[in-house]
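Heavy atoms only: backbone and side chains are in, while hydrogens, waters and symmetry mates are out. In what follows, every chain begins at residue 1, and chains take the letters A, B, ... in the order their sequences are listed.
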Amino acid sequence: MKAVQSSCCPESAEGKSPCTCRAEGSSIPQEIRTTTSEITASNRFDHFLARWGWKREAHIVKPGLYRLGNPTPDSMVFASANYTLSFDALRSALHGTDAWILVLDTKGINVWCAAGKGTFGTDELVRMIECSNLAGIVRHRKIIVPQLGAPGISWPEVIRRSGFLVEYGPVRARDLPLYLKNHAATPEMRRVEFPLQDRLILIPIEIIAILLPMLVISILLYFISGPFSALAAVSAVLAGTVLFPALLPLIPTRDFSSKGFILGFIVAIPFAYLFSHNPDLPGWASLLAGFTPLLLMPAVTAYLALNFTGSTTYTSRTGVKKEIFRYVPVMVILAVLGVVTGILLGASRLAGVI
Amino acid sequence: MFNSYHETTLRYHPERCINCRRCIQVCPHGVFGEGSERVALLREPACMECGACALNCPVQAIDVQSGVGCAWAMISAAIRGKDMDSAECTCGGGSDSCCGGSPDETPCCTNE
């Protein structure tokens, strides 16, 4: 049985030995590891680094079966991903419960993303059930899978291929204690929201992703046209990466790009005022200087806002594609116009016209 | 106006539904709800096309072209001359990856 196929995940996590239990007909079960519900300071530091995108491939746990507490053959089995944030959320939520945790090899990606790719999927679940010899370890035939694993899991196929019935637990591990009282989820437990806290926690990684190009462009602008132009570039980027996630539901309109244009335009107004009130410039140049941030900054912020769709919990591919066709041309036109006015101003200054 | 999210590729064939309610369980946006004899399609525009309902429907009563609503992935695919529809979330394990995971598994991937 082949491990999960994955066209997009670099096989970066070496050392995670692929299960070989089926090779050459041997049936040696994988070792069973032991874990606890305790989140240590070192775990928290690891979570912090993960949030900042530090060495993404480093936040992994070994795939396989884990004992939490002192599970018996009748204890519940929970599936998780081998991403530390996912695994730690599950084991800490199960504090005081004796259970088995089956960690799938998702290449260090969280459950929902991995399910979208299929690495947290039917094939991998069935493979791990076989590899871990789960059927020989527990007497029942039920495995509790996080609800957000469902885009990768087909329960009819899992039961057909492994004999295990998939029970979908709540979206959030922290709802497990309540859920487990009678194995029933409230509608709230089944819903994914995107509250302020979940949006704010994404900001570090959004900034890190754009940090280098932002610094290069701001430094260039600093030397070409001064500190306020550099500040304008930084402001446009921070509007898209910090203000946008923070204010997402408050910005008018539904589309991410239109929200980004609005936010970028508002942030550009002070710069437009500043640049157009330069007493050293003739009237036509003041006008151009004032228009430049109004053209460039909304384009930058809107582009970053559009790219935030990939981080959200609710955008459909159909909708995002429509947004791309509707708004990217507008962004390009604004950006080109802005660059042209900027070049005109720069050339005029070099030529001594202004 | 300024709402690209009216339509989705979700198609529900209620005549095939056996009322097992798995779709209600797996949908993260409450698109399906309980009906009298069959599951009811309640909030179609809220569908994010994750595909969980269709994959977990034992009688193929639901079709959806599932995919990840990630502009970065689609724009990258388009720039490289590839089909936007086949673009996958490029969240990978490498240092160039873009996935912002949460303990609650909320987000998918962030732009690179």
Side-chain angles (χ1 to χ4, degrees), chain A residues 7-10 12-13 50 55-57 83 85-86 88-89 107-113 116-117 146-148 150-151 153-156 168 171-172 187 190-192 194 198 201-202 205-206 209 253-255 258 306-307 309-324 326, chain B residues 1-10 22 24-30 46-53 55-58 65-75 78 84-85 87-112:
Chain A
S7 55
C8 66
C9 296
S12 57
K55 289 193 180 170
R56 296 223 63 99
E57 66 279 11
Y83 182 46
L85 286 173
S86 306
D88 292 353
K107 318 288 174 198
I109 304 292
N110 71 64
V111 172
W112 206 8
C113 288
K117 297 166 179 298
Q147 183 189 330
L148 293 185
I153 305 275
S154 162
W155 77 267
Y168 287 111
V171 163
R172 287 161 289 269
R190 296 253 173 252
R191 280 290 188 95
V192 170
F194 201 31
D198 290 358
I201 210 157
L202 296 171
I205 218 150
E206 295 283 320
T253 72
R254 166 82 201 249
D255 283 342
S258 51
L306 174 60
N307 278 329
T309 50
S311 306
T312 66
T313 58
Y314 57 87
T315 50
S316 67
R317 187 177 63 181
T318 303
V320 171
K321 197 159 83 173
K322 226 180 256 178
E323 276 213 48
I324 290 173
R326 271 188 187 172
Chain B
M1 193 64 170
F2 303 124
N3 186 351
S4 303
Y5 298 89
H6 282 306
E7 290 169 22
T8 75
T9 56
L10 181 70
R22 279 284 189 170
I24 301 177
Q25 274 184 14
V26 298
C27 178
H29 292 294
C47 174
M48 63 178 291
E49 301 175 332
C50 73
C53 53
L55 193 58
N56 283 281
C57 176
Q65 289 166 33
S66 64
V68 178
C70 175
W72 190 87
M74 279 192 263
I75 293 171
M84 278 168 78
D85 286 340
E88 283 188 52
C89 167
T90 42
C91 314
S95 55
D96 61 340
S97 77
C98 62
C99 208
S102 139
D104 296 340
E105 314 297 350
T106 31
C108 182
C109 64
T110 69
N111 47 303
E112 190 174 39

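Counting heavy atoms from C-beta outward, A:I153 and B:V26 have side chains that stay 4.5 Å or more apart. A heavy-atom distance below 4.5 Å is found between the side chains of A:Y168 and B:N56. Looking at A:L85 and A:N110, their side chains never come closer than 4.5 Å, going by heavy atoms from C-beta outward.
Note: B:C50 leads B:C57, B:C50, B:G51 in heavy-atom pairs under 4.5 Å with chain A. Comparing B:Q25, B:M1, B:E7, B:H6 by how many heavy-atom pairs each has under 4.5 Å with chain A, the most go to B:Q25. In terms of heavy-atom pairs under 4.5 Å with chain A, the best-connected choice from B:A52, B:P28, B:A46 is B:P28.
For A:L306, the parts lying under 4.5 angstrom from a heavy atom of chain B are both the backbone and the side chain. For a residue to count as touching a neighbouring chain, one of its non-hydrogen atoms must lie under 4.5 Å from one of that chain's; by this rule A:P156 touches chain B with the side chain only. A:R191 touches chain B through backbone and side chain together, each having a heavy atom under 4.5 Å away. The contact between B:C27 and chain A is made entirely by backbone atoms, counting heavy-atom distances below 4.5 Å.
A:S311 and A:E206 share a side-chain donor-acceptor pair at under 3.5 Å.
Residues that satisfy the side-chain contact (heavy atoms from CB on, under 4.5 Å) test with B:E49, not counting sequence neighbours, are A:S316, A:R317, A:T318, B:T8, B:T9, B:C47, B:V64.
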